[in-house]
Amino acid sequence: MNERPQQIPEVREPLPQVERAPLIAGNWKMNLDHLQAIAFVQKLSWGLKDVGHNYGEVEVAVFPPFTDLRSVQTLLAADKLSLSLGAQDVSPHESGAYTGDVSARMLAKLDVRYVLVGHSERRGGHGESPELVGEKARAAHAAGLVPVICVGETADDLEQHGAAAIPLAQLESALATLPSDAEFVVAYEPVWAIGSGQAATADQAEEVARALRESLRDLRGDDRAAATRILYGGSVSSQNVAGFLRQPNVDGALVGGASLKVDEFTRIVQFRKHVTAG
Ligand code: PEP
């Protein structure tokens, strides 16, 4: 006799139909000094102008190192460029004796719109706890920034728990201290796919993105779940980006290595033109 309780799958109403403008975000990590950053952003904006890119249809954001932000902000303002600016990290504190930290208010003063929290290179390399990730998201929101909450499983997690369990737990924990009205973006980045050249398949990305959106319904309600953009990240290239963006729950890409090559990043931004790409 099978004594296990039967799991009856919950049938849910479809989410409200909401247009989510795709976001293509370039995480430069610790690359490009401020002079290189200026040259890069100029070249990127010229390239996108040449192909008639519509920033209202596909948002493009760059996430330079802290030392470049002022230079890039000045260029964006002077040339009236529609690129969005993001930062790679933020202090959970407002101000004070926190040597080396940069506050969310300082970033907001530089017209920074987005900030990454919980990137695996900070969770792993800097030992950032789930609670700290949540505190950073809260601090970002309090200063008017939009946190990009990065979640993802390691290869070991994948083997032990499957793909979705860890990202779901990380998302729940990051949202625990974030006010219920806060806007945020979720970036699903399997750790094994970051910088490895071995991207997830589009189906794998969709499966986790869908689970994350379902979880958002419980955590934040249907309207926020329908409006929140969920990005895929991990070895995204111009060859595979269209496959990810074709998935109903994938609303953009967080791009590392390929965002440093201006021609390649320009092609990634134009994912809608890659009609034959897988
Ligand atoms: C990242 O660091 O966020 C990332 C996705 O890197 P890559 O595209 O190089 O895998």
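Note that ligands are numbered from 1 as they come in the structure, with each ligand's atoms numbered from 1 the same way. Position 1 is the first residue of the sequence; numbering continues from there. When reading the values below, keep in mind they use all heavy atoms of this one structure, side chains included, and skip hydrogens, waters and symmetry mates.
Of the polar atoms of Ile194, none of the N or O atoms is found under 3.5 Å from an N or O of ligand 1, judged by distance alone. Where the criterion is an N or O separation shorter than 3.5 Å, residue side chain and backbone included, Val255 fails it with respect to ligand 1. For ligand 1, the polar-atom distance check finds an N/O of Glu189 within less than 3.5 Å of one of the ligand's N/O atoms.
Under the side chain to side chain donor-acceptor pair (under 3.5 Å) rule, Asp89 has a single partner from His126, Lys136, His119, which is Lys136. Of the candidates Glu264, Gln270, Lys273, Ser238 forms a side chain to side chain donor-acceptor pair (under 3.5 Å) with just one, namely Glu264.
Looking at atom 8 (O) of ligand 1, its nearest protein heavy atom turns out to be Gly256 N, 2.8 Å. Among protein heavy atoms, the minimum distance from atom 2 (O) of ligand 1 is reached at Lys29 NZ, 2.5 Å. The protein heavy atom nearest to atom 1 (C) of ligand 1 is His119 NE2, 3.2 Å.
Although no hydrogens or angles enter the test, the distance criterion places a donor-acceptor pair under 3.5 Å between the side chain of Ser235 and the main chain of Ala193. In this structure a side-chain-to-backbone donor-acceptor pair under 3.5 Å is missing from His34 to Pro65. With hydrogens and angles ignored, the 3.5 Å screen pairs a side-chain donor or acceptor of Gln88 with a backbone N or O of Phe63.
Within the structure, side-chain hydrogen bond (donor to acceptor under 3.5 Å, both in side chains) pairs that include any residue of residues 59-75 comprise Glu59-Ser84, Glu59-Tyr114, Glu59-Arg229, Arg70-Gln73, Gln73-Asp111 (at least two apart or interchain).
Distances shorter than 4.0 angstrom occur between a heavy atom of Gly195 and an atom of ligand 1. Heavy-atom separations between Ala193 and ligand 1 include at least one value shorter than 4.0 Å.
Residue-ligand proximity, Gly234 to ligand 1, at heavy-atom distances under 4.0 Å covers atoms 5 (C), 10 (O). Of all atoms in ligand 1, listed by their number and element, those nearer than 4.0 Å to a heavy atom of Asn27 are 1 (C), 2 (O), 3 (O). Counting atoms of ligand 1 from 1 in the listed order, those under 4.0 Å from a heavy atom of Leu254 are 3 (O), 5 (C). Near Gly257, with a cut-off below 4.0 Å to any heavy atom, the atoms of ligand 1 are 7 (P), 8 (O), 9 (O).
Under 3.5 Å, the side chains of Ser215 and Asp218 contain no donor-acceptor pair of N or O atoms.
The aromatic rings of Phe244 and Tyr232 lie parallel to each other, their planes meeting at an angle below 30°, with 60° marking the opposite boundary.
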